Number of protein chains: 2
Amino acid sequence: MEQFSHSLDSIFQALADPTRRAVLERLGHGPASVGELAMPFDMALPSFMKHITMLESCGLIRTRKSGRVRHCAIDPQRLALVDGWLADQRTLWNGRTDRLERLLTQPKDKDPSA
Amino acid sequence: MEQFSHSLDSIFQALADPTRRAVLERLGHGPASVGELAMPFDMALPSFMKHITMLESCGLIRTRKSGRVRHCAIDPQRLALVDGWLADQRTLWNGRTDRLERLLTQPKDKDPSA
DNA sequence: GCGATACTAAGTGAAATAGCTAACTATAGC
DNA sequence: GCTATAGTTAGCTATTTCACTTAGTATCGC
């Protein structure tokens with residue numbers, strides 16, 4: 001649990017920027033080169049590259065260079081971490097309101113782990 | 001869609017810090033005062049207060065002061081925004097994954113994109 | 001009223017973030 | 001080999017973040 005914390009730091013940090021979220025959304029439709037990804041943004045390429053680097057260093061995307069082109073693709077597993085954290089939180093605060101009901105109706109507690 | 005983006009910025013930013021995530025987790029078990037929340041952290045109170053302020057300003061928690069004590073409580077609805085964004089993303093790339101699987105299992109649809 | 005408690009305000013500083021330009025490397029195409 | 005393209009490196013700046021200390025305000029309890 002502790003080792004996730006550090007990852008979550010950088011992942012949430014990465015997600016905190018609209019440019020980077022937009023890149024992820026774009027990559028959700030399929031892989032793309034850095035140049036293609038950069039096009040919609042009114043930003044110098046080196047600036048944009050920092051976002052790509054950041055996304056890769058926290059594991060949200062994977063990239064590989066073929067020739068002079070760097071191809072980027074999303075890494076869904078990484079976002080599962082966020083999903084997991086969020087699910088935990090939801091369980092906590094929903095559990096607080098639902099606990100009584102649950103105890104009365106379902107004595108068994110199920111844990112959907114990854 | 002645009003107005004969500006700004007909110008997501010500050011929410012993800014807030015979640016990017018382990019102290020703030022820990023506060024949320026603690027608050028998931030129920031409301032608490034600033035002092036109670038601060039106790040586990042080896043941090044000066046003014047520093048800690050900034051985290052509280054940040055969590056409140058992005059809407060993840062609500063606080064009210066009664067007497068000299070400020071009580072904090074979580075605001076689950078706010079995290080639903082994150083949940084929504086994440087769900088959208090999942091839909092995107094799961095859709096893609098499903099499509100790929102379909103291509104692999106059903107050679108009827110010809111699309112040599114790999 | 002007076003001291004202790006629970007924050008709050010103000011000011012400092014190191015480090016990270018997010019952008020820029022200019023110059024460079026490596027590949028593709030002719 | 002020369003030129004254009006795609007990305008990279010280096011170095012600069014402004015802003016934000018995250019912590020600190022010191023001092024102040026506003027209750028609470030006696």
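First the proteins, then the strands, lettered A, B, ... as listed; each starts at 1. None of the values given here were measured: they were computed from a predicted structure.
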Could you state the CG-C1' distance from A:L45 to D:dG7, rounded to the nearest angstrom? 6 Å
With the side chain of B:V69 defined as its heavy atoms from C-beta on, choose the nearest nucleotide among C:dC20, C:dA18, C:dA6. C:dA6
Between B:I61 and B:D75, is a side-chain contact (heavy atoms from CB on, under 4.5 Å) present by the stated rule, with each step listed? CA-CA 5 Å; B:I61 68 172; B:D75 186 347; 5.9 Å; no
Pick the nucleotide of DNA chain C nearest each of A:S66 and B:V34; which residue has the one closer to the 5' end? B:V34
Report the distance from atom CD of A:Q13 to atom P of D:dC18, rounded to the nearest whole Å. 7 Å
B:S47 side-chain N/O to D:dC18 phosphate OP1/OP2 under 4.0 Å: no
Check the distance between D:dT16's P and B:D17's CG and give it to me in whole angstrom. 18 Å
Is B:I52 close to B:K50 at the side-chain level, that is, under 4.5 Å between some pair of heavy atoms? no
Could you give the CZ-to-P distance, from A:R70 to C:dT25, as a whole number of Å? 18 Å
Would you compute the distance between atom CZ of B:R70 and atom OG1 of B:T63 and round it to the nearest 0.5 angstrom? 4.0 Å
Under 4.0 Å from OP1 or OP2 of D:dT17: is there any side-chain N or O of B:H51 that close? no
So which nucleotide from C:dA10, D:dG7, C:dC20 ends up closest to the side chain of B:P46? C:dA10
Rounded to whole Å, please give me the gap between NZ in A:K65 and C1' in D:dG7. 5 Å
When you check the side-chain N and O atoms of A:R20 and A:H51, is any donor under 3.5 Å from an acceptor? yes
Rounded distance in Å - CE (B:M54) to P (C:dT8): 17 Å
For B:K50 and D:dT17, give me the distance from atom NZ to atom P, rounded to whole Å. 10 Å
Taking CE from B:M49 and C1' from C:dA10, how many angstroms apart are they, rounded to a whole number? 14 Å
Can you check whether A:R68 has a side-chain N or O nearer than 4.0 Å to OP1 or OP2 of D:dA4? no
Let me check something: do B:M54 and A:L8 share a hydrophobic cluster, defined by ILVMFWY side-chain heavy atoms less than 4.5 Å apart, either directly or through other members? no
